[in-house]
Amino acid sequence: MNYTLNIRGRLLELAEPQVMGIVNVTPDSFHADSRAETPRAIAQKVEAMVGAGATLIDVGACSTRPGSTPATEREELERLSMALPVVRSAAPHVALSVDTFRPSVARMAVEEWGADLVNDVGEVQADRSDMFRMVARLGVPYVLTSHAADMAGMLKGLARDVQQLRDMGQKDIIIDPGFGFGKTLEQNFAVMRDLEQLSLLELPVLVGVSRKRMVWQLLGSSPASALNGTTALNMMALERGALILRVHDVQEAAECVRLWKAVREEC
């Protein structure tokens, strides 16, 4: 299926895979090179990512790495109030995503600081209706992340959440299988193996495996040396239907997409 996202009245075509660059404006993100905490550093990182092929930029101001202590809402808002206008200025034509699990932060990011999408990686709760209502009211695309440990549970939970979102009026929904969230190493790879099953939901799929534990733990390395493993898994994700790759290393991901396209087009 050919999907589109409504980015403030402009359609972003997902007829072919897109690359989303990660910008972390936190002091404690698990991959040190993803951090940018000053306006100049943020602008330079974003400009480099766009030049390398990113069509979306995802800005996070609250680390969600396992074992971390989340920033307070005030800290998250202060960081985003500085960072999002810088990204918007440096890349005015790129889709700007805010990575947050707080509805109030999502509202400020969209209404005050120019975010175009909400990427919600928050813990699965009994009631997620506050965030669902917020994104439906804001009218922006929403990345719905699953913390389910297996594909059967994932499909069941996502189908329920998608229906709730639709009932609230949400239009553009992107599915993230949540690699690294609520899953063991073996479960992460099982979800990757079965990733094509998410096509049953008839929604675009975002995959974020960039330098995560499932890569470096298996290979006995570290986040800093996990680029090659990340690229291998990105290619597997593309083969299984992923339409957005969320990455720290945009150039390598964009090259991965180009090679994938060349094979499919028999060039």
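From a predicted model like this one, the values you see are computed outputs, not experimental measurements. Reckoned from all heavy atoms, side chains included, excluding hydrogens, waters and symmetry mates. Heads up: numbering here begins at 1 and tracks the sequence.
Interatomic distance, Leu238 CG to Cys256 SG, rounded to the nearest 0.5 Å: 5.0 Å. For the atom pair CD (Glu16) and CZ (Arg264), the distance works out to 11.0 Å, reported to the nearest 0.5 Å. Of the inter-residue distances, the one linking Leu165 atom CG with Arg133 atom CZ reads 11.0 Å to the nearest 0.5 angstrom. Residue Leu14 holds its CG atom at 11.0 Å from CG of Leu203, rounded to the nearest 0.5 Å. In this structure, CZ on Arg258 lies 11.5 Å from CD on Glu265, to the nearest 0.5 angstrom. With rounding to the nearest 0.5 angstrom, the CZ atom of Phe179 is 8.5 Å from the NZ atom of Lys212.
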Candidate pair Met20 and Val247, rule side chain to side chain contact (heavy atoms under 4.5 Å, CB included), full reasoning:
CA-CA 6 Å; Met20 171 186 277; Val247 299; over 6 Å; no
Starting from the C-alpha separation in whole Å, work towards a yes-or-no answer on side chain to side chain contact (heavy atoms under 4.5 Å, CB included) for Asp120 and Val143.
CA-CA 6 Å; Asp120 176 14; Val143 181; over 6 Å; no
Given the rule in the salt bridge (Lys or Arg N to Asp or Glu O under 4.0 Å) test, do Asp249 and Arg211 qualify, once you have shown the distances and angles that lead to the verdict?
CA-CA 9 Å; Asp249 309 281; Arg211 298 182 181 265; 2.9 Å; yes
Apply salt bridge (Lys or Arg N to Asp or Glu O under 4.0 Å) to the pair Arg240 and Asp194, showing each step before the final yes or no.
CA-CA 8 Å; Arg240 290 162 172 77; Asp194 297 334; over 6 Å; no
Just do the side chain to side chain contact (heavy atoms under 4.5 Å, CB included) check on Val94 and Thr55 with the steps written out, would you?
CA-CA 5 Å; Val94 170; Thr55 54; 5.6 Å; no
Side chain to side chain contact (heavy atoms under 4.5 Å, CB included) evaluation trace for Trp113 with Leu96
CA-CA 10 Å; Trp113 304 317; Leu96 175 54; over 6 Å; no
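Within the 4.5 Å cutoff, side-chain heavy atoms of Met214 are placed close to those of Leu233. Counting only heavy atoms from C-beta outward, the side chains of Ile7 and Leu12 approach each other to under 4.5 Å. Residues Leu138 and Glu111 have side chains in contact (heavy-atom distance under 4.5 Å, counting atoms from C-beta outward). Within the 4.5 Å cutoff, the side chain of Ile42 has heavy atoms near those of the Met82 side chain. Residues Trp216 and Ser225 form no side-chain contact, since every pair of their non-hydrogen atoms from C-beta on lies 4.5 Å or further apart. The closest side-chain heavy-atom distance from Arg246 to Asp58 is below 4.5 Å. Between Leu56 and Val19, the closest side-chain pair of non-hydrogen atoms is not below 4.5 Å. Within the 4.5 Å cutoff, the side chain of Asn119 has no heavy atoms near those of the Val98 side chain.
No donor-acceptor contact under 3.5 angstrom links the side chains of Glu252 and Thr231, judged on distance only.
No donor-acceptor pair under 3.5 Å is formed between the side chain of Ser221 and the backbone N or O of Ala226. The backbone N or O of Asp161 lies less than 3.5 Å from no partner atom in the side chain of Gln164, so there is not a single donor-acceptor pair. Lys183 places no side-chain N or O within 3.5 Å of a backbone atom of Asp150 that could act as its donor or acceptor partner. Looking only at distances, no side-chain donor or acceptor of Gln217 sits under 3.5 Å from a matching main-chain atom of Val215. Counting only distance, with no hydrogens or angles, the side chain of Arg166 and the backbone of Gln170 share a donor-acceptor pair below 3.5 Å. Remark: side-chain polar atoms of Asn188 are paired, donor with acceptor, to backbone N or O of Gly180 under 3.5 angstrom. No donor-acceptor pair under 3.5 Å is formed between the side chain of Ser89 and the backbone N or O of Val86. Proximity of a side-chain donor or acceptor of Glu75 to a complementary backbone N or O of Thr72 within less than 3.5 Å is detected.
Other residues, nucleotides and ligands place more than 12 heavy atoms under 6.0 Å from the CZ atom of Arg137. Asn228 CG: 12 or fewer foreign heavy atoms inside a 6.0 Å radius. Counting non-hydrogen atoms of neighbouring residues, nucleotides and ligands closer than 6.0 angstrom, the CE atom of Met235 exceeds 12 such neighbours.
Here the closest non-hydrogen pair linking Met168 and Ser129 is CE-CB, 3.8 Å. Nearest heavy-atom pair across Thr26 and Arg79 is CG2-NH1, 3.7 Å. Of all heavy-atom pairs spanning Thr4 and Asp172, the tightest one is O-OD1, 3.9 Å. Contact record, Asp99 with Glu76: O-OE2, 3.9 Å, taken as the closest heavy-atom pair. Minimum interatomic distance between Leu206 and Pro177 (heavy atoms only, all atoms of both residues): O-CD, 3.1 Å. Between Glu202 and Tyr3, the closest heavy-atom pair is C-OH, 3.2 Å.
With respect to Arg88 and Asp116, a salt bridge is recorded, a charged nitrogen being found less than 4.0 Å from a carboxylate O.
Residue Leu227 is not grouped with residue Leu218 when hydrophobic side chains (ILVMFWY) are merged at heavy-atom distances under 4.5 angstrom, including chains of intermediate members. By the criterion of side-chain heavy atoms lying less than 4.5 angstrom apart, applied directly or through intervening Ile, Leu, Val, Met, Phe, Trp or Tyr residues, Leu200 is grouped together with Val191 in one hydrophobic cluster.
The side-chain contact (heavy atoms from CB on, under 4.5 Å) test with Leu5 singles out one residue from Ile173, Val140, Ile174, and that residue is Ile174.
Ring pair Phe181/His147 is tilted by interplanar angle, where 30° to 60° counts as tilted.
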